[in-house]
Amino acid sequence: MGSKKRDLCSSAVHIAGVSEFTIPRTKQRVMYSHYGNREYRIFVAQPDADPPPLGFPVIYVLDANSVFGTMVEAMRVQAGRPDRTGVVPAVIVGIGYPTEKPFSPARFYDFTMSVPESELPARPDGTAWPEMGGAEAFLEFIETELKPEIQRELPVDRTKQAIFGHSLGGLFVLQVLFTKPTAFRTYIAGSPSIHWSKQLLLEAEQRFVARITHETLNVDVLLAAGELERSHKSRINAHAEELVKRLSAFTDFGVYVEFQEFAGEGHVTVLPALISRALRFVSRNSI
């Protein structure tokens with residue numbers, strides 16, 4: 001019996017020097033927007049590679065608390081062999097919030113235009129939605145405060161900038177595309193909440209179309225959703241497919257657009273697959 005006890009004790013694992021794990025070559029900081037004095041956690045990942053002559057592509061990621069780590073690790077794994085994966089090294093800039101939770105209510109304000117409350121969908125728990133209508137100020141923060149900060153610090157190619165958003169973040173991505181299409185080269189809108197402000201977005205789309213028929217642009221647009229979202233009453237997939245069909249008519253005006261539906265995935269589970277696809281989509285003009 002004593003021998004058995006000694007064997008059990010000798011098999012115990014001793015752990016020393018335990019510390020928090022951080023993703024290599026990443027850092028974070030706090031930034032305050034001059035437009036509304038809003039607080040953001042900014043996450044930055046720099047590739048472990050020499051920059052191209054014009055600098056790295058850069059991907060701006062919304063809801064960074066939930067997806068920054070996934071995107072950075074996907075980049076680290078795939079960008080080492082662009083010839084095999086179709087993914088080139090890129091700087092990743094995550095825009096998040098001062099919380100340890102994956103999502104912050106502050107996103108409702110930053111990602112939306114002002115919409116009458118009567119036009120909003122009912123909230124599942126019956127409570128009022130958080131404050132909304134800050135999309136213009138949020139884009140101003142990205143363009144005039146965040147981008148210059150990144151460009152001062154890192155070798156990035158200003159002609160190869162992308163923005164990634166999901167759900168309400170996907171709605172914001174489309175709003176930027178339609179209102180300031182030269183802000184980014186690549187737009188990735190995952191499960192975009194087009195139903196949220198459908199009329200406002202349609203009006204913005206119409207102004208965008210009027211513009212591109214007189215001014216050739218170079219923008220790549222990826223809309224995507226999970227297969228399981230197709231049955232949701234918000235019609236996320238159908239709205240996205242309809243938009244892709246309309247925009248596909250303007251290929252000759254510099255608008256390249258794709259739609260991808262991920263089999264077996266829902267509104268949240270689609271994120272890892274979408275991130276992997278987004279990295280290849282961003283890299284399509286860099287290989």
Any donor-acceptor N/O pair, Glu258 side chain to Ala224 backbone, under 3.5 Å: no
Ser283 to Gly86 - nearest heavy-atom pair and separation: CB-O, 3.1 Å
Decide yes or no for Val88 and Pro57: does some side-chain heavy atom of the first lie under 4.5 Å from some side-chain heavy atom of the second? yes
Do Val77 and Thr85 make a side-chain contact, defined as non-hydrogen atoms from C-beta onward lying under 4.5 Å apart? no
Can any side-chain N or O of Glu203 pair as donor or acceptor with the backbone N or O of Leu200 at less than 3.5 Å? no
For the residue pair Phe108 and Trp196, categorise the inter-ring angle as parallel (less than 30°), tilted (30 to 60°) or perpendicular (more than 60°). tilted
Check: Arg38 side chain, Ala106 main-chain N or O, donor-acceptor pair, under 3.5 Å: yes
Measure centre to centre between the rings of Phe208 and Phe253, then say whether the value is under 6.0 Å. no
Ile42 vs Ile95 side-chain heavy atoms within contact, under 4.5 Å: yes
Pi-cation contact, Phe68 with Arg41 (under 6.0 Å, within 45°): no
Taking CZ in Arg84 as the centre, count heavy atoms belonging to other residues, nucleotides or ligands within less than 6.0 Å. Is the count above 12? no
Contact between Arg29 and Val44 at the side-chain level, heavy atoms closer than 4.5 Å - yes or no? yes
Side chain of Asn237, backbone of Ala225: donor and acceptor closer than 3.5 Å? no
Donor-acceptor under 3.5 Å (Lys147 side chain, Ala183 main chain): yes
Just by modelled atom types, is the Thr159 backbone N or O under 3.5 Å from a matching donor or acceptor in the Arg185 side chain? no
Going through the distances and angles, do His195 and His239 end up as a side chain to side chain contact (heavy atoms under 4.5 Å, CB included)? CA-CA 8 Å; His195 61 287; His239 287 317; 4.2 Å; yes
For Arg277 and Gln260, which heavy atoms make the closest approach, and how far apart are they? NE-OE1, 2.9 Å
Distance-only, no hydrogens or angles: does the Thr186 side chain make a donor-acceptor pair with backbone N or O of Asp220 under 3.5 Å? no
Is there a donor-acceptor contact under 3.5 Å from the side chain of His166 to the main chain of His267? yes
Is the number of heavy atoms from other residues, nucleotides or ligands within 6.0 Å of CZ (Arg211) greater than 12? yes
At their closest point, which heavy atom of Val72 faces which heavy atom of Ile92, and how far apart are they? CA-CD1, 3.8 Å
Tell me, with the steps shown, if Leu279 and Ile59 meet side chain to side chain contact (heavy atoms under 4.5 Å, CB included). CA-CA 9 Å; Leu279 292 175; Ile59 308 172; 3.8 Å; yes
Glu149/Arg152 salt bridge by N-O under 4.0 Å criterion: yes
Honestly curious: do Tyr109 and Phe141 fall in one hydrophobic cluster under the side-chain, below-4.5 Å linking rule? no
Work out which heavy atom in Ile23 is nearest to a heavy atom in Gly69; give both atom names and the distance. CD1-CA, 3.8 Å
For residues Val255 and Ile212, report the shortest heavy-atom separation together with the two atoms involved. CG2-CD1, 3.9 Å
So, do Tyr40 and Tyr97 have ring centers that fall under 6.0 Å from each other? yes
Would you check if Leu171 and Ser197 make a side-chain contact, meaning some heavy-atom pair closer than 4.5 Å? yes
Taking all non-hydrogen atoms of both residues, which atom of Ala49 and which atom of Phe56 are closest, and how far apart? O-CZ, 3.3 Å
Evaluate the side-chain proximity of Tyr256 to Phe281: yes if any heavy-atom separation is below 4.5 Å, no if none is. yes
Presence of salt bridge, Glu140 and Lys180, under 4.0 angstrom: no
Heavy-atom neighbours of Glu153 CD exceed 12 at 6.0 Å: yes
Taking Phe259's backbone N and O only, do any of them form a donor-acceptor pair with Glu241's side chain (distance below 3.5 Å, no angle check)? no
A side-chain contact here means heavy atoms from C-beta on lying under 4.5 Å apart; do Val173 and Pro192 qualify? no
Given Phe172, which of Tyr60, Phe138, Phe184 fulfils the ring pair (Phe, Tyr, Trp, His ring centres under 6.0 Å) condition? Phe138
Nearest 0.5 Å, please: how far is CD in Glu229 from OG in Ser167? 8.0 Å
Regarding Thr179 and Gln175, is there a side-chain donor-to-acceptor distance under 3.5 Å anywhere? no
Give a yes or no on whether the backbone of Ala273 and the side-chain of Ser276 come within a donor-acceptor separation of less than 3.5 Å. no
Take Glu242 and Lys245 through the test salt bridge (charged side-chain N to carboxylate O under 4.0 Å, His left out) and record every step on the way to the result. CA-CA 5 Å; Glu242 291 162 7; Lys245 184 177 181 179; over 6 Å; no
